[in-house]
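Notes follow once the structure below has been shown.
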Amino acid sequence: MVMSLDVKGDAPTFFIEDANENCIGEYPRLLCELLEFDYEKDVWKEKSRLIKFEETVEEGGERWSKPHVAALSLEAVHQSKEVLENAILLQDIQAENYKDFTEKLFAKLESDTDLKEEQLEELGKLLYKKHRHLKGRYKKLGDGGSGTNTPSDNRSPAPIRSSRTDPVLKPSQLGVTGISQKPSMSDLLEHLDSRKDDEIFTPNKKFAKHLPKNCEAADVLVGHADFLDEPICLWIRLKEPKILKETLTEVLVPTRFFILFLGPKLMYDYKEIGRVMATMLADSYFRPCAFSAQTKDDLLEGFQESIEAGTALPPGQWDRSLRIEPPSNLPSHPIRKRPSKNSIAKDKESIQYEDTEDHAEEHGDATLVRSGRLFGGLVQDIKRKAPHYLSDFKDALHPQCLASVIFIYIACLSPIITFGGLQGAATDNYLAAMEGILSGAICGVIYVLFCGQPLTVLGATGPMLVFETILFRLCKTFGWYFLSMRLWVGVWSGLFIIIICALDLSALVTYITRFTEEAFATLICIIFIQQAISKLLSIRKEYGVNTDPFNVEKSQCYCFPKPNSTLISHFNITTTSMPYTTASLENATMPTGPTLIPTLLATKQKCLDIGGNPVGDGCNYVPNVFFFSVLLFIVMFTVSITLKSFRNSPFFPSKVRQIVSDFNVVIGVIISVLIDWLVGLDTPKLKVPEQFKPTRWEDRGWIVPALGGNPWYTILIAIVPALLCTILIFLDQQITAVIVNRKENKLKKGGGYHLDIFILSIITILTSVMGLPWFVAATVRAMTHVNSLRVESEAAAPGEKPEFYGIRENRVTMLLVSILIGLSVQLTTVFKMIPMPVLYGVFMYMGVGALRGLQLVDRLLLLFMPQKHQPEYNFLKKVKTWRVHLFTLIQCICLGLLWVVKAIKVTSIAFPLMILLICVVRKLMERCFTQSELGALDNILPQDNSKKDKKKR
């Protein structure tokens with residue numbers, strides 16, 4: 001939060017920058033309400049309220065203003081400090097109710113002030129006056145109607161008043177026997193407290209939903225009091241928060257602080273000073289001091305520190321009447337402390353070394369420290385994850401997980417079908433869609449039940465498809481049985497991965513910094529986007545586009561009868577009038593002669609169904625299908641992107657916005673399918689195998705033979721490709737795990753790098769034995785899964801953006817997704833209704849969605865922004881702009897090399913080696929970038945102990 005303090009006249013404007021609001025030690029957030037006494041209506045009227053940003057009652061008195069940054073006059077700030085210097089403090093008092101509270105308050109006033117009895121009596125009556133809140137609902141006793149009244153509404157002819165008055169107390173009323181005896185202050189308070197209200201107050205339940213958990217109240221009461229000769233200020237803090245009085249605050253929140261500031265009419269601007277105190281209590285910089293201060297000096301010191309932490313703005317550059325909108329990004333740094341003399345005297349090199357160590361520690365992970373014993377890391381992962389295992393199932397009991405299951409199921413099934421078709425073409429149908437579906441089910445269930453990080457999604461990937469294609473070509477060249485050769489490649493790979501796990505080599509993941517992981521993630525995202533667009537454009541090849549609608553011949557499809565066909569009679573011609581052969585028919589390009597029968601109602605498929613031979617440009621043209629497919633693609637992508645951000649929309653209640661945001665992809669699919677059904681065009685649909693059997697069921701089963709006719713030495717030859725396969729699996733898995741386990745995701749249960757890779761080795765061996773595709777960590781799908789389970793605060797204080805709490809970590813979502821993938825064969829009736837352009841739209845959404853939040857993308861956008869319009873990224877504050885661009889250029893070159901190596905079939909096998917090369921490039925960058933620059937733009941690489949000791953010396 002940013003609190004601005006402006007001034008009257010020509011003095012500067014003052015700003016206080018708020019610190020991290022998420023957790024301030026053990027101090028709860030405060031609802032600070034400012035009430036000013038209205039002598040005309042004889043009530044305390046609510047004027048403003050703050051939790052983080054200020055809301056004020058508009059001049060009309062009928063509505064709250066929009067939340068804004070509190071703007072306070074600098075004069076009022078200094079006057080507030082002066083008032084606090086003379087204030088009466090009551091710290092950590094205990095009170096069970098309002099009467100008990102006021103008795104201790106007046107006991108303090110009687111002992112520490114020179115107030116007369118008449119002044120104390122007037123003050124007591126003032127404290128028991130009614131409180132009027134803008135949105136509070138009041139109902140008079142005895143009112144049979146159901147209507148409620150808001151007394152602060154100026155449209156009502158008069159404010160709701162109590163039928164009781166404040167008469168002068170008589171001794172008989174107090175049970176006093178002597179007429180000359182005056183009632184004590186305690187008797188007066190007891191009398192005021194015992195009077196019954198003539199109305200019922202209903203708290204503002206709607207506003208209560210926006211309060212943070214464990215929120216407490218700070219009531220600030222101000223006003224002028226003509227019966228006082230000097231101003232009086234009481235600063236009271238209760239030891240335990242209590243609901244002293246139901247009407248004290250707008251909602252039923254226990255009171256922690258009570259501030260009363262009264263005085264002669266023209267001496268102070270009481271409302272402005274009250275706003276300063278309320279704003280300070282709401283500000284996270286000053287609030288810890290307010291909770292912990294034991295003396296007045298402690299309170300004044302904290303108040304002074306808050307003032308010194310501010311920044312002044314010249315009054316000529318800002319109009320005080322304007323309200324400052326709450327900033328979109330709030331500072332996330334810890335609360336600033338005054339530097340001690342020792343810290344100022346530190347040597348610069350020492351400070352720089354400590355900063356570097358901090359960055360290195362931030363990048364490090366306790367799970368990535370080598371244990372020094374066999375399988376030590378695996379044992380530690382199991383011990384670390386075991387306590388959370390049961391909660392991984394309980395935490396999934398939320399509607400958001402249902403939305404995630406449906407979304408991720410669609411996002412996983414479609415690539416399985418797509419890659420299945422590509423693998424089938426590349427491996428002569430040894431590995432196709434049916435094998436992919438079974439592999440997705442088996443791998444998913446085993447992995448999610450036993451892995452360390454269940455948020456990771458396994459799937460078929462482009463690099464693995466390239467590897468399998470090259471392996472199939474190798475087997476075809478030497479005449480080896482592909483599945484048996486692949487079996488031993490998988491077995492060796494699984495054994496190598498187990499060795500990696502045994503030696504805790506997953507600790508090498510610490511060398512995969514943001515530089516490498518974002519280059520890899522960006523490449524995968526770009527591939528998703530490119531594939532979505534290319535697949536969409538491929539519909540044009542299948543269905544065609546008539547670019548010349550006035551050429552009738554070009555748009556026609558002619559159906560030739562085949563010679564000796566039993567359907568000759570269907571064409572109403574004789575064989576003697578057919579002077580052409582089958583070969584000439586099949587090669588025919590344009591219909592000529594009287595024997596050619598144009599089928600005006602026949603499409604290509606209809607012609608084939610009746611035994612004809614379709615010829616003509618119109619045979620591959622279906623009117624409007626391509627452009628309608630483009631429309632479905634745009635609708636799917638636009639609806640998903642728009643509804644994802646609907647959570648922050650001002651429309652509809654928060655619960656509705658949250659549900660719509662969670663089910664954004666599901667809603668997009670339903671809308672797109674409904675449009676396709678209503679229009680009725682024959683768009684390409686998702687095709688899922690209808691029978692549970694291998695694609696080549698004639699010559700293979702679900703268990704692969706050990707050799708299958710291959711020579712015995714192929715077992716040893718398989719070691720060479722297995723090494724490349726191991727590198728690919730290891731890097732795919734661990735880079736994805738690093739991205740999922742980022743600190744930005746605020747995971748509470750941690751990861752399990754060693755356990756993940758061990759389970760993946762078992763899965764690799766099992767799928768090799770069954771002749772199923774190898775499934776590895778799919779980066780974009782894993783990032784999408786994580787984003788679909790983001791948890792944000794439901795109760796955001798006015799003006800605040802929903803607070804990101806973390807990820808709903810669970811095993812149920814991917815468990816259900818894997819089971820549904822296995823059952824997909826039984827759901828072909830449903831899938832036949834989903835157009836392929838809709839799934840391409842899902843791919844596009846996943847690719848674009850995963851790009852959001854990548855620092856590489858943010859730095860690329862900086863290239864097109866003038867410097868004055870660039871966002872205030874932390875790295876821009878610490879690194880020169882041209883150095884940022886140099887870092888981005890090197891990263892883009894590495895990204896381009898990855899793309900080239902993957903795109904060229906001959907070099908694509910070296911893709912995993914290129915990822916290792918990028919890690920080497922990142923190490924060499926330490927020669928041209930300082931550690932502080934790399935700490936701001938990237939993560940610090942781990943250093944050996946000798947270098948650390950040298951730096952310390």
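Quick caveat, the model's predicted, so the values are computed rather than measured. Excluded from the calculations below are hydrogen atoms, water molecules and symmetry mates; all remaining heavy atoms, backbone and side chain alike, are included.
With sequence neighbours excluded, the residues satisfying side-chain contact (heavy atoms from CB on, under 4.5 Å) with Thr522 are Ile526, Leu851, Leu854, Leu856, Leu895. Residues satisfying the side-chain hydrogen bond (donor to acceptor under 3.5 Å, both in side chains) test with Glu518, not counting sequence neighbours, are Arg514. Every side-chain hydrogen bond (donor to acceptor under 3.5 Å, both in side chains) that Arg883 has, sequence neighbours left out, goes to Glu933. In this structure Tyr873 satisfies the side-chain hydrogen bond (donor to acceptor under 3.5 Å, both in side chains) test with no other residue, sequence neighbours excluded. Residues passing the side-chain hydrogen bond (donor to acceptor under 3.5 Å, both in side chains) test with Ser788, sequence neighbours excluded: Ser404.
Taking the ring centre of Phe651 as origin, the terminal cationic atom of Arg657 falls outside the region bounded by 6.0 Å and 45° from the ring axis.
Applying the 6.0 Å contact sphere to CD of Glu744 captures more than 12 heavy atoms from other residues, nucleotides or ligands. With a 6.0 Å radius and a threshold of 12 heavy atoms from other residues, nucleotides or ligands, Arg742 has its CZ atom above the threshold.
Ile527 contributes atom CD1, which lies 5.5 Å from atom CH2 of Trp899 (distance to the nearest 0.5 angstrom).
Evaluated for a side chain to side chain contact (heavy atoms under 4.5 Å, CB included) with Phe775, the options Ile416, Ile763, Ile442 yield exactly one hit, Ile416. Checking Thr513, Thr516, Ile893 one by one against Ile918, the side chain to side chain contact (heavy atoms under 4.5 Å, CB included) holds for a single residue, Thr516.
Leu643 has its side chain out of reach of Ser661: every pair of non-hydrogen atoms, C-beta onward, lies at least 4.5 Å apart.
Classification of the Phe843-Phe528 ring pair by plane angle, with boundaries at 30° and 60°, yields perpendicular. Note: Phe646 and Phe652 have tilted aromatic rings, judged against thresholds of 30 and 60 degrees for the angle between ring planes.
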Inset, instruction - Give the intermediate values and the outcome of side chain to side chain contact (heavy atoms under 4.5 Å, CB included) for residues Met434 and Val825. - result: CA-CA 9 Å; Met434 186 63 247; Val825 177; 3.7 Å; yes

Inset, instruction - Show your working on side chain to side chain contact (heavy atoms under 4.5 Å, CB included) between Leu431 and Phe472 and close with a plain yes or no. - result: CA-CA 11 Å; Leu431 301 174; Phe472 177 79; over 6 Å; no

Inset, instruction - Mind running side chain to side chain contact (heavy atoms under 4.5 Å, CB included) on Ile675 and Phe628 for me, showing each step along the way? - result: CA-CA 10 Å; Ile675 293 174; Phe628 183 65; 4.0 Å; yes

Legend entry - Step-by-step side chain to side chain contact (heavy atoms under 4.5 Å, CB included) determination, Ile512 to Arg922: CA-CA 9 Å; Ile512 302 176; Arg922 169 60 184 84; over 6 Å; no

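Of the N and O atoms on the side chains of Thr767 and Ser439, not one donor lies less than 3.5 Å from an acceptor on the other residue. Remark: the Thr427 side chain and the Glu468 side chain contain no N/O donor-acceptor pair separated by less than 3.5 Å. In this structure, a donor-acceptor pair under 3.5 Å is present between the side chains of Ser768 and Trp774. Using modelled atom types, one finds a donor on one side chain and an acceptor on the other under 3.5 Å when comparing Thr683 with Asp676. No side-chain donor-acceptor contact under 3.5 Å links Thr784 and Asn787. With hydrogens and angles left out, the side-chain atoms of Gln891 and Arg859 include a donor and acceptor closer than 3.5 Å. In this model, a donor atom of one side chain and an acceptor atom of the other lie less than 3.5 Å apart for Ser824 and Tyr409.
Here the side chain of Arg811 pairs a donor or acceptor atom with the backbone of Val448 at under 3.5 angstrom. In this structure a side-chain-to-backbone donor-acceptor pair under 3.5 Å is missing from Ser414 to Ile410. Checking side-chain atoms of Asp756 against main-chain N and O of Cys451 turns up no donor-acceptor pair under 3.5 Å. No donor-acceptor distance shorter than 3.5 angstrom exists from the side chain of Asp732 to the backbone of Val776, with no hydrogens or angles considered. For Lys644 (side chain) and Asn664 (main-chain N/O), no donor-acceptor pair under 3.5 Å exists by modelled atom type.
Sorted by first and then second residue, the ring-ring contact (aromatic ring centres under 6.0 Å, His included) pairs involving residues 428-447 (not counting sequence neighbours) are Tyr430-Tyr481.
Proximity of the aromatic rings of Phe407 and Tyr845 is defined here by a centroid distance below 6.0 angstrom, and this criterion is met.
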